[in-house]
Amino acid sequence: MSLFTGTASYYRQFRPGIPEAVAAVLDQAAPASPDGPRRLLDVGTGTGLVVEALLDRFDDIIAVDNDTEMLAAAEAALRPTLPVGSHLALVRSTAEDFVPPTGWQAELVTICRAFHWLDQAAVLNRLDGQVAPDGVVAIFGDNSFWAAGSPWKETVRDVIKTFLGEERRAGSGTFQHHDRPYSEIMEESPFPQVAEVRVPVRRTWTTDSILGYLYSTSFAAPHLFGGRLAAFETEVRNQLARFSDDDTFPEENEFLIRLGRRNHA
């Protein structure tokens, strides 16, 4: 069973997309492609949120994911809005096993909210043959609800723990935390020249969008609750009502973008 079984519809509707300010950083970091189409490889694409944000900035895009439901949602969302003359391929594969077409190399590789699931060193080494000479690997994401940064988030996390246990779930197992900064891992890879860019983001949530987001995650996917899903939802609604009279919940978050490039003599 996939870590995200049953979450694709929630993921597409309730996961926050990629802000324009983040898309601009990625676009500016990647080189132009003077001899042909500008190419993007999105690893762990999920429902295609990164591709959606960059669709008009790259001409030839490959988006990779190992979850059939996620790829179907990405196809439904992206294909109708694909600019004329652009090429989009959605490929079912793990990052560790993905093989691009012969000679195909990306100006930009994006891995958003997914690096923690991967064999990190192996994927970065594999990307060495998939990235153009001056290309960039961008590993980025914002903070999860699990990394609670406000009282209402902490309360929601406590409700999840009451129903599913103290340890953060990851599908049928538990989440294995990585204690090394991603930049350090990148510095030991073929892309050791690492720059970090932080982009603040403010959001306003409602109870329904919070629940929808939770149901899009590996730690609170609907199937994990079994017959207790309705009770969980009721408890979340009751607890959140303590924090807002008008069903609005502000969030201060940020994207941390790590841009890795090769060493050049």
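Because the structure is predicted, anything quoted here is derived from the model rather than measured. Sequential numbering from 1 along the given sequence is applied to the chain's residues.
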F58 six-ring centre to R38 NZ/CZ under 6.0 Å and within 45° of normal: yes
Checking ring-ring contact (aromatic ring centres under 6.0 Å, His included) against Y213, which of F249, W205, Y10, F14 comes through? W205
Only one of V137, L127, L108, V91 passes side chain to side chain contact (heavy atoms under 4.5 Å, CB included) with L41, and that residue is L127
Reference residue T47; test side chain to side chain contact (heavy atoms under 4.5 Å, CB included); the match among V50, V51, L49: L49
I111 vs F140, side chain to side chain contact (heavy atoms under 4.5 Å, CB included): CA-CA, chis, key distance, verdict: CA-CA 6 Å; I111 306 176; F140 61 105; over 6 Å; no
For D27 and A23, indicate whether the former's side chain and the latter's backbone hold a donor-acceptor pair under 3.5 Å. no
Contact summary for Y182 and I139, nearest pair of heavy atoms: CD1-CG2, 3.8 Å
Compare every heavy atom of A220 with every heavy atom of L164, then report the nearest pair and how far apart it is. CD1-CA, 4.4 Å
Got a salt bridge between [X] and [Y], using NZ or NE/NH1/NH2 to carboxylate O under 4.0 Å?
| X | Y | answer |
| --- | --- | --- |
| D208 | R237 | yes |
| R203 | E251 | yes |
| D67 | R92 | no |
| R57 | E107 | no |
| E52 | R12 | yes |
| R126 | D97 | no |

Please tell me if the side chains of [X] and [Y] come closer than 4.5 Å, counting only heavy atoms from C-beta onward.
| X | Y | answer |
| --- | --- | --- |
| Q193 | R262 | no |
| L259 | F191 | no |
| T217 | R15 | yes |
| D42 | I62 | no |

Roughly how far, to the nearest 0.5 Å, is [atom2] of [Y] from [atom1] of [X]?
| X | Y | atom1 | atom2 | value |
| --- | --- | --- | --- | --- |
| S183 | L256 | OG | CG | 6.5 Å |
| H223 | F225 | NE2 | CZ | 10.0 Å |
| E75 | T45 | CD | OG1 | 11.5 Å |

What I want to check is whether the side chains of D59 and S86 have a donor and an acceptor closer together than 3.5 Å. no
N66 and T94: CA distance, side-chain angles, deciding distance, side-chain hydrogen bond (donor to acceptor under 3.5 Å, both in side chains) verdict: CA-CA 5 Å; N66 198 37; T94 63; 5.7 Å; no
When you look at E233 and Y215, which way does the side-chain hydrogen bond (donor to acceptor under 3.5 Å, both in side chains) test go after all the steps? CA-CA 10 Å; E233 184 165 321; Y215 295 157; 3.0 Å; yes
Within a 6.0 Å radius of atom CG on D246, are there more than 12 heavy atoms belonging to other residues, nucleotides or ligands? yes
